[in-house]
A.B. asks: 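Take a look at this one; I'll ask things after.
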2 protein chains.
Amino acid sequence: MVTGMQSSTSAARPGRPRSAAADAAILEATREALVELGWSKLTLGDVATRAGVAKTTLYRRWAGKNELVVDAVAALFDELELPDRGSLAADIEGVVLQFAAILDLPEAKSGLMAVVTESTRDDALRERIRESIVDRQKRLVLEGRARATARGELPPETDPEEAARTADLIFDMVAGAVVHRTLVSARPADEEWVRNFTRVLLQGLGGPA
Amino acid sequence: MVTGMQSSTSAARPGRPRSAAADAAILEATREALVELGWSKLTLGDVATRAGVAKTTLYRRWAGKNELVVDAVAALFDELELPDRGSLAADIEGVVLQFAAILDLPEAKSGLMAVVTESTRDDALRERIRESIVDRQKRLVLEGRARATARGELPPETDPEEAARTADLIFDMVAGAVVHRTLVSARPADEEWVRNFTRVLLQGLGGPA
DNA sequence: CAGTTACGCTACGACTCGTAGCGAAAGCGA
DNA sequence: TCGCTTTCGCTACGAGTCGTAGCGTAACTG
């Protein structure tokens, strides 16, 4: 969730507690509005109406459109997993297809890209995106590499700093390619594309066709 | 420029001609406003004031914010070139560094991402982006491959359909990785990163470190 | 000079923004 | 049961932006 609450298990403060149901309804209404209206035409007043809460309630919990949409979209990426398919190539293909399926949702398309756009001028927002979305998924790269190393498909890493750099690079290459394919080229990241992508990623451009 | 004019060298229509200087001033003012205000806070009224034209003039030429920013940003990418550096790796590194430098401009960051975001809900806008930005740069991939094939660094393509698919894949991988590195990871695509990226792209993950 | 188009300017209704103020509701401890 | 505290829904508000219409003037053509 990562709302800006004062967290730290404040454990039963006095007064009326915030409605957890309202939180869920607001986030769901936000995703719904993203699908129907897109980012630019989404208004907080409309979201409040859809969620059945007052506009003021919404402003009491989120600072603005950006923060709200980050939370609404972040949940979509939490279901990503890396099932063990027996080989590095198969593992990559599997997780990339999952990622592509999520990115194919209209609420993910417009929501994620919009907050990334806004983050170019808002460092706090960028940090929030990194915490609640990006860094959480980087685990997939580390896990996949660990498995592949155990299988003997990749040489063991010696320099930990070098290893971290490579992990970041892989993440940028995988996520970047899928996003560009889906949003800019506007063509589906289907099985055939993923197969070709994985081949180039593993064997390079000179590899067998 | 790619404004929606009726083109086809309409050759001296009657009446007062549109001021070319106004076009240039508006696009320049748009880039300036993107730097200072970012996408979401950019208003067409402000752009008109900066450019020294009336707001109505602006609306007579562009349908809205999206179309205006596409034209304002497209020009930034036209200076990309592919100087012959003697090897495929060096060619790639050179053009990627150029691309990264452009993406580092604030007006490119916020402007490009914003219109891509809007294009998820506007097919006409996406097509406009493809025409005036994306497809124009795909030439770099084709040129680089042709050179590499001539040098013997890549096997000659036999199936033209397969060749086109691969070119699209490469473009998504290169552009996507640089964009993700620059905007999402928010770290510089400097020489070291580009060197590592190129190595993985050419030799794959299993290649020598 | 008449015809046509672009221009700058002003004004407008419609909409969204984010906030303030109010009374009522919901939880807590005494 | 009674206060105390916080949240809630609701209404209202000034400020700002949107996109368009109307008007008189400027620029160019035949």
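Just so we're clear, the structure is a prediction, and the values are computed from it rather than from any experiment. Lettering follows sequence order; numbering is per chain, from 1.
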A.B. asks: Distance check needed: C:dG8 P versus B:L58 CG, whole Å only.
C.D. replies: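 Atom-to-atom, B:L58 to C:dG8, this comes out as 10 Å.
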A.B. asks: Quick check for you: among D:dG9, D:dT5, C:dG8, whose closest atom lies nearest to any side-chain atom of B:T57?
C.D. replies: C:dG8
A.B. asks: Over how many whole Å does the gap from B:D23 atom CG to C:dA6 atom C1' extend?
C.D. replies: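 In whole Å, C:dA6 C1' lies 12 Å from B:D23 CG.
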A.B. asks: With nearest nucleotides of DNA chain D determined for B:P14 and B:Y59 from heavy-atom distances, which residue corresponds to the more 5′ nucleotide?
C.D. replies: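 So the residue in question is B:Y59.
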A.B. asks: Would you kindly compare B:A22 and B:G15 by the position of their nearest DNA chain C nucleotide and give the one closer to the 5′ end?
C.D. replies: B:G15
A.B. asks: Can you tell me how far C1' of D:dT20 sits from CH2 of B:W62, to the nearest Å?
C.D. replies: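 The distance from CH2 of B:W62 to C1' of D:dT20 comes to 19 Å, rounded to the nearest Å.
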A.B. asks: Could you state the atom-to-atom distance from NZ of B:K65 to C1' of D:dG16 in whole Å?
C.D. replies: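 Distance, rounded to whole Å: 13 Å.
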A.B. asks: Is the phosphate of D:dG9 approached by A:T56 (side-chain N or O, under 4.0 Å from OP1 or OP2)?
C.D. replies: no
A.B. asks: Does B:R60 get its side chain close enough to the base of C:dG8, under 3.5 Å, for a donor-acceptor pair?
C.D. replies: yes
A.B. asks: If I take atom CG in residue A:L44 and atom C1' in nucleotide D:dG16, what distance separates them, rounded to the nearest angstrom?
C.D. replies: 16 Å
A.B. asks: Report the distance from atom CZ of B:R13 to atom P of D:dG30, rounded to the nearest whole Å.
C.D. replies: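 Spelled out: CZ on B:R13 to P on D:dG30 is 13 Å.
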A.B. asks: Distance-only, no hydrogens or angles: does the B:D91 side chain make a donor-acceptor pair with backbone N or O of B:R85 under 3.5 Å?
C.D. replies: yes
A.B. asks: Name all pairs fulfilling the side-chain hydrogen bond (donor to acceptor under 3.5 Å, both in side chains) condition that reach into residues 95-111 of chain B, sequence neighbours left out, sorted by first residue then second.
C.D. replies: B:D104-B:K109
A.B. asks: What bend angle does the helix from C:dC1-D:dG30 to C:dA30-D:dT1 show across its length, from five-pair end axes and to the nearest 10 degrees?
C.D. replies: 20°
A.B. asks: Roughly, in whole Å, what's the span from CZ in B:R16 to P in C:dC7?
C.D. replies: 6 Å
A.B. asks: Between B:E36 and B:R50 (salt bridge meaning N to carboxylate O under 4.0 Å), is one present in this structure?
C.D. replies: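 A salt bridge is present here (some side-chain N lies under 4.0 Å from a carboxylate O).
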A.B. asks: Can any side-chain N or O of A:R145 pair as donor or acceptor with the backbone N or O of A:A163 at less than 3.5 Å?
C.D. replies: yes
A.B. asks: For A:S40, what residues pass the side-chain hydrogen bond (donor to acceptor under 3.5 Å, both in side chains) criterion, not counting sequence neighbours?
C.D. replies: B:E118
A.B. asks: Considering only heavy atoms, which members of residues 32-40 of chain B lie under 4.0 Å from some atom of DNA chain D?
C.D. replies: none
A.B. asks: With sequence neighbours excluded, tell me which residues meet side chain to side chain contact (heavy atoms under 4.5 Å, CB included) with A:S19.
C.D. replies: A:A21, A:A22, A:R61
A.B. asks: Can you run down the salt bridge (charged side-chain N to carboxylate O under 4.0 Å, His left out) pairs that involve residues 187-198 of chain B, sequence neighbours left out, and say none if there aren't any?
C.D. replies: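 Those involving residues 187-198 of chain B are A:R165-B:E192.
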A.B. asks: Using whole Å, what does the distance between atom P of nucleotide D:dC18 and atom CG of B:L68 come to?
C.D. replies: 12 Å
A.B. asks: May I ask you to evaluate whether B:R18 reaches the phosphate of D:dC28, defined as a side-chain N or O under 4.0 Å from OP1 or OP2?
C.D. replies: no
A.B. asks: Got a donor-acceptor pair under 3.5 Å from the side chain of A:K55 to the base of D:dG9?
C.D. replies: no
A.B. asks: Between the main-chain N or O of B:V179 and the side-chain N or O of B:T182, is there a donor-acceptor pair closer than 3.5 Å?
C.D. replies: no
A.B. asks: Return yes if some donor-acceptor pair links the side-chain N/O of B:R130 with the main-chain N/O of A:S185 below 3.5 Å, else return no.
C.D. replies: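 Yes; judged by distance alone, with no hydrogens or angles, the pair exists.
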A.B. asks: Are the side chains of A:W62 and A:D23 in touch, meaning some heavy atoms are under 4.5 Å apart?
C.D. replies: yes
